[in-house]
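Report on one structure; see the data block that follows.
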Number of protein chains: 2
Amino acid sequence: MKLTTKGRYAVMALVDLARFDNVNPVSLRDISLRQGISLDYLEQIFLKLRKKEIVQSIRGTQGGYVLKKKAHEIKLTNIFEAVDEKIKTVQCKKESKRGCNGKPTKCLTHDLWDELENHINSFFKEKSLEDLVKNNNEKRI
Amino acid sequence: MKLTTKGRYAVMALVDLARFDNVNPVSLRDISLRQGISLDYLEQIFLKLRKKEIVQSIRGTQGGYVLKKKAHEIKLTNIFEAVDEKIKTVQCKKESKRGCNGKPTKCLTHDLWDELENHINSFFKEKSLEDLVKNNNEKRI
DNA sequence: ATAAACCCGACTAAAATAGTCAAGTATCAT
DNA sequence: ATGATACTTGACTATTTTAGTCGGGTTTAT
Ligand code: FES
Ligand code: FES
């Protein structure tokens with residue numbers, strides 16, 4: 001069970017962005033350099049973040065990205081959802097009555113995995129970008 | 001972020017085993033049929049469970065596996081550890097001062113991922129095999 | 001003896017990940 | 001105006017991981 005770079009980088013990049021946000025748009029080039037993430041890869045990620053209206057783009061020289069919502073309104077859940085970093089503890093569909101790989105009924109441990117999924121998601125639901133930035137600034141005092 | 005079949009099947013198989021355990025050894029063939037998991041794959045999984053002393057094998061006809069510990073002593077953590085289903089929220093080593101892919105320092109969000117990892121592991125630490133079996137029996141009354 | 005069961009290492013197809021690459025378009029500074 | 005900067009988009013790909021399979025053992029009850 002591992003977190004992919006897509007989710008990790010998305011959050012990393014947004015924390016970086018959020019710290020400089022209120023001044024000027026932040027270019028991906030800067031984020032790339034500061035955080036050591038490939039520029040091309042960041043572009044992919046920000047495309048998704050923009051489509052989900054988490055960030056807004058400003059084109060041209062001196063352009064970049066700014067947050068489209070307040071930092072406290074952006075939860076980790078929203079970020080992960082935007083970049084398709086999803087928690088999957090099972091293979092079977094949630095709605096379906098059938099079990100994994102088409103079995104007629106759900107397995108012995110199905111409820112456990114649901115519970116696990118909720119447990120993990122609850123972590124993402126309560127953390128906001130603002131929390132992360134604050135937390136970070138405190139440590140640098 | 002997804003749970004792999006190795007971890008999922010290990011728990012599933014052990015719950016199955018635990019339910020029949022006190023009578024006779026349970027053969028992988030039976031588990032395979034009941035749970036719809038490939039026999040060859042189960043053998044791989046049980047090899048690891050045996051090496052970590054979670055189950056004990058009984059060879060020969062009428063053989064199979066039995067739990068080596070009490071069901072309440074076997075936590076999900078132990079099972080996952082045995083089959084190498086590990087939670088990895090980061091790529092960088094825990095001990096090292098350096099960050100991901102050899103960067104000289106840990107990233108902005110490093111603490112967050114540590115926290116996440118702990119949050120997930122706490123779930124695994126508190127659930128025992130006994131809990132799962134009981135929970136299951138209750139629902140079938 | 002033989003069948004049921006565990007034991008073990010090696011192999012592999014398919015999927016997912018973590019990017020790269022190429023060819024744009026918009027906007028600002030000068 | 002024009003170049004440089006920065007976003008936009010789609011396609012492509014190497015590597016790694018996953019989810020097994022396969023083959024050939026050994027042990028033991030009957
Ligand atoms: S996890 Fe899919 S049926 Fe149990
Ligand atoms: S997660 Fe590895 S350095 Fe932050």
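Only this structure's heavy atoms are used, side chains among them; waters, hydrogens and symmetry mates stay out. The structure presented is a predicted model; accordingly, all values stated were derived computationally and were not measured. Throughout, protein chains are lettered first and strands after them, A, B, ... in sequence-line order, and every chain is numbered starting at 1.
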Within this structure, what is the CG-to-P distance between A/Leu17 and D/dA6, rounded to whole angstrom? 14 Å
So what does A/Phe46 hit on the nucleic acid, given a heavy-atom distance under 4.0 Å: a base, only sugar-phosphate, or nothing? nothing
Taking atom types as modelled, is there a side-chain donor on A/Tyr9 or A/Thr4 under 3.5 Å from an acceptor on the other? no
The answer to which of B/Glu43 and A/Leu39 contacts DNA chain D further toward the 5' end, by nearest nucleotide, is A/Leu39
Axis-to-axis angle across the helix from C/dA1-D/dT30 to C/dT30-D/dA1, five pairs an end, to 10 degrees? 10°
Are the side chain of B/Lys51 and the backbone N or O of B/Phe46 linked by a donor-acceptor pair below 3.5 Å? no
Value in whole Å for how far the C1' atom of C/dA18 lies from CZ of A/Arg8: 11 Å
Between B/Lys6 and B/Gln44: side-chain donor-acceptor atoms closer than 3.5 Å: yes
For D/dT5, take OP1 and OP2 only and decide whether either is under 4.0 Å from a side-chain N or O of A/Ser27. no
Could you pull out the closest heavy-atom pair between B/Leu108 and A/Asn136, with the gap in Å? O-ND2, 2.7 Å
Short N/O separations, protein against nucleotides 27-30 of chain C, under 3.5 angstrom:
unit_1, atom_1, unit_2, atom_2, d
C/dT27, O2, A/Thr61, N, 3.4
C/dT27, O2, A/Thr61, OG1, 3.4
C/dC28, O2, A/Thr61, OG1, 3.0

Nearest-Å distance for atom pair NZ/P, residues B/Lys86 and D/dT17: 11 Å
In terms of ring plane angle, is the pair A/Trp113 and B/Phe80 parallel, tilted or perpendicular, where the classes change at 30° and 60°? parallel
Phosphate OP1/OP2 of C/dC7 contacted by B/Tyr65 side-chain N/O (<4.0 Å): yes
Measure up the A/Phe123 and B/His119 rings against each other and bin them: parallel (under 30°), tilted (30 to 60°), perpendicular (over 60°). tilted
Nearest whole angstrom, please: distance from the P of D/dT18 to the CD1 of B/Ile37. 17 Å
Quick check on C/dA5: is either OP1 or OP2 less than 4.0 Å from any side-chain nitrogen or oxygen of B/Ser57? no
Partner set under salt bridge (charged side-chain N to carboxylate O under 4.0 Å, His left out) for B/Glu43, not counting sequence neighbours: none
Under-3.5 Å N/O pairs linking protein and nucleotides 9-17 of chain C:
none

Check the distance between D/dG20's C1' and B/Lys6's NZ and give it to me in whole angstrom. 9 Å
Whole angstroms only, please: what is the NZ-C1' distance between A/Lys48 and D/dT9? 13 Å
Salt bridge (Lys or Arg N to Asp or Glu O under 4.0 Å) partners of residues 115-127 of chain A, not counting sequence neighbours, each pair once: A/Lys94-A/Glu117, A/Glu115-B/Lys127, A/Lys127-B/Glu115
Any side-chain N or O of B/Tyr9 under 4.0 Å from OP1/OP2 of D/dG20? yes
Decide yes or no for A/Phe20 and A/Asn24: does some side-chain heavy atom of the first lie under 4.5 Å from some side-chain heavy atom of the second? no
From CZ of A/Arg50 across to P of D/dA6 the rounded distance in Å is 17 Å
Please report the shortest heavy-atom distance between B/Thr89 and A/Leu3, naming the atom on each side. O-CD2, 3.7 Å
Between B/Tyr41 and B/Thr5, do the side chains contain an N or O donor and an N or O acceptor separated by less than 3.5 Å? yes
Can you sort out the partners of B/Arg34 under salt bridge (charged side-chain N to carboxylate O under 4.0 Å, His left out), two or more places apart, ordered by chain and number? B/Asp16
Calculate the interatomic distance between A/Leu42 atom CG and C/dC21 atom P; express it in whole Å. 16 Å
Which part of the nucleic acid, if any, lies within contact of A/Val55, taking any heavy atom under 4.0 Å across all strands shown: a base, the sugar-phosphate backbone alone, or nothing? nothing
